[in-house]
Peer 1: 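Sharing a structure, written as structure tokens. Questions coming.
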Amino acid sequence: MGHRSASRVPRNVRWLVRVAPLWVFVLLAGACDEGAPTETFELSGVVSVLLESGETGGPIGGARVRFVSDTLIVSETETDDDGRYRMRVLTDFPFGQVIATADGFREEEATVFFDTPQRRVDLQLRRVPGEGD
């Protein structure tokens, strides 16, 4: 009869009991003060206008450029008058998104993978219709 009562425990509950100690370990490890090791990379590029024709227009000075890692570590800077930006990125994961925004333009983003210490990502922004035409 003891065997029969054990088989009445739903399979998903038995699975949960087996993996629960692993989840407790993962949660405790994530709660530690020490985070994952971080690395520093250099991210640079140019933010420019993307014309309706598909061609590149002039640079966009004063655009905001943010890097957001897949683990949500954020770095940001602004472009100079020539649309250039350069920033040091401290991250614990080599993947992330580069996002450029500027008044009168649609936000643009690109994925970046740091397989080298330096990465260049150029972004082109389209004008919002009716603004700056």
Peer 1: When you group the ILVMFWY residues by side-chain heavy-atom contacts below 4.5 Å and let the links chain together, are Phe93 and Phe113 in the same group?
Peer 2: yes
Peer 1: Calculate, to the nearest 0.5 Å, the distance between atoms CG and CD1 belonging to Asp81 and Ile60 respectively.
Peer 2: 13.0 Å
Peer 1: If you take all heavy atoms of Ala63 and Val47, which pair is closest and at what distance?
Peer 2: CB-CG1, 4.1 Å
Peer 1: Okay, side chain of Thr91, backbone of Pro94: is any donor-acceptor separation there less than 3.5 Å?
Peer 2: no
Peer 1: Run the salt-bridge test on Arg126 and Glu108 with the 4.0 Å N-O cut-off and return the result as yes or no.
Peer 2: no
Peer 1: Can you see whether Asp92 engages Thr38 through a side-chain donor-acceptor pair at a distance of less than 3.5 angstrom?
Peer 2: no
Peer 1: Is the distance between the ring centroids of Phe67 and Phe114 less than 6.0 Å?
Peer 2: yes
Peer 1: Identify the two heavy atoms, one from Asp82 and one from Val46, that lie closest to each other, and give their separation to 0.1 Å.
Peer 2: O-CG1, 4.2 Å
Peer 1: Tell me the closest heavy-atom pair linking Thr116 and Phe41, and the distance in Å.
Peer 2: O-CD2, 3.6 Å
Peer 1: With a cut-off of 6.0 Å (strictly less than), are more than 12 heavy atoms of other residues, nucleotides or ligands near CG of Asp115?
Peer 2: yes
Peer 1: Shortest non-hydrogen contact from Arg106 to Leu125?
Peer 2: O-CD2, 3.6 Å
Peer 1: Under a 3.5 Å cutoff, is there a donor and acceptor pairing between the side chains of Thr56 and Gln124?
Peer 2: yes
Peer 1: Nearest 0.5 Å, what's the CE-CD distance between Met87 and Glu78?
Peer 2: 11.0 Å
Peer 1: Kindly indicate, with the supporting measurements, whether the criterion side-chain contact (heavy atoms from CB on, under 4.5 Å) is fulfilled by Glu42 and Arg119.
Peer 2: CA-CA 6 Å; Glu42 183 177 294; Arg119 251 308 153 219; over 6 Å; no
Peer 1: Looking at every heavy atom in both Thr79 and Gly62, which two are closest together, and how far apart are they?
Peer 2: OG1-N, 2.9 Å
Peer 1: Rounded to the nearest 0.5 Å, what's the gap from CZ on Arg120 to CG on Asp122? Could you check?
Peer 2: 4.0 Å
Peer 1: Charged N to carboxylate O under 4.0 angstrom, Glu76 versus Arg64?
Peer 2: yes
Peer 1: Is any side-chain heavy atom of Ile99 closer than 4.5 Å to one of Glu107?
Peer 2: yes
Peer 1: Supply the atom-to-atom distance Tyr85 OH to Thr77 OG1, rounded to the nearest 0.5 angstrom.
Peer 2: 10.0 Å
Peer 1: Determine whether the side chains of Ser44 and Gln118 contain a donor N or O and an acceptor N or O closer than 3.5 Å.
Peer 2: no
Peer 1: For Gly45, is there any backbone N or O sitting under 3.5 Å from a side-chain donor or acceptor partner on Arg86?
Peer 2: no
Peer 1: State yes or no: do Leu51 and Phe105 share one hydrophobic cluster built from I, L, V, M, F, W and Y residues joined by side-chain heavy-atom distances below 4.5 Å, directly or via other members?
Peer 2: yes
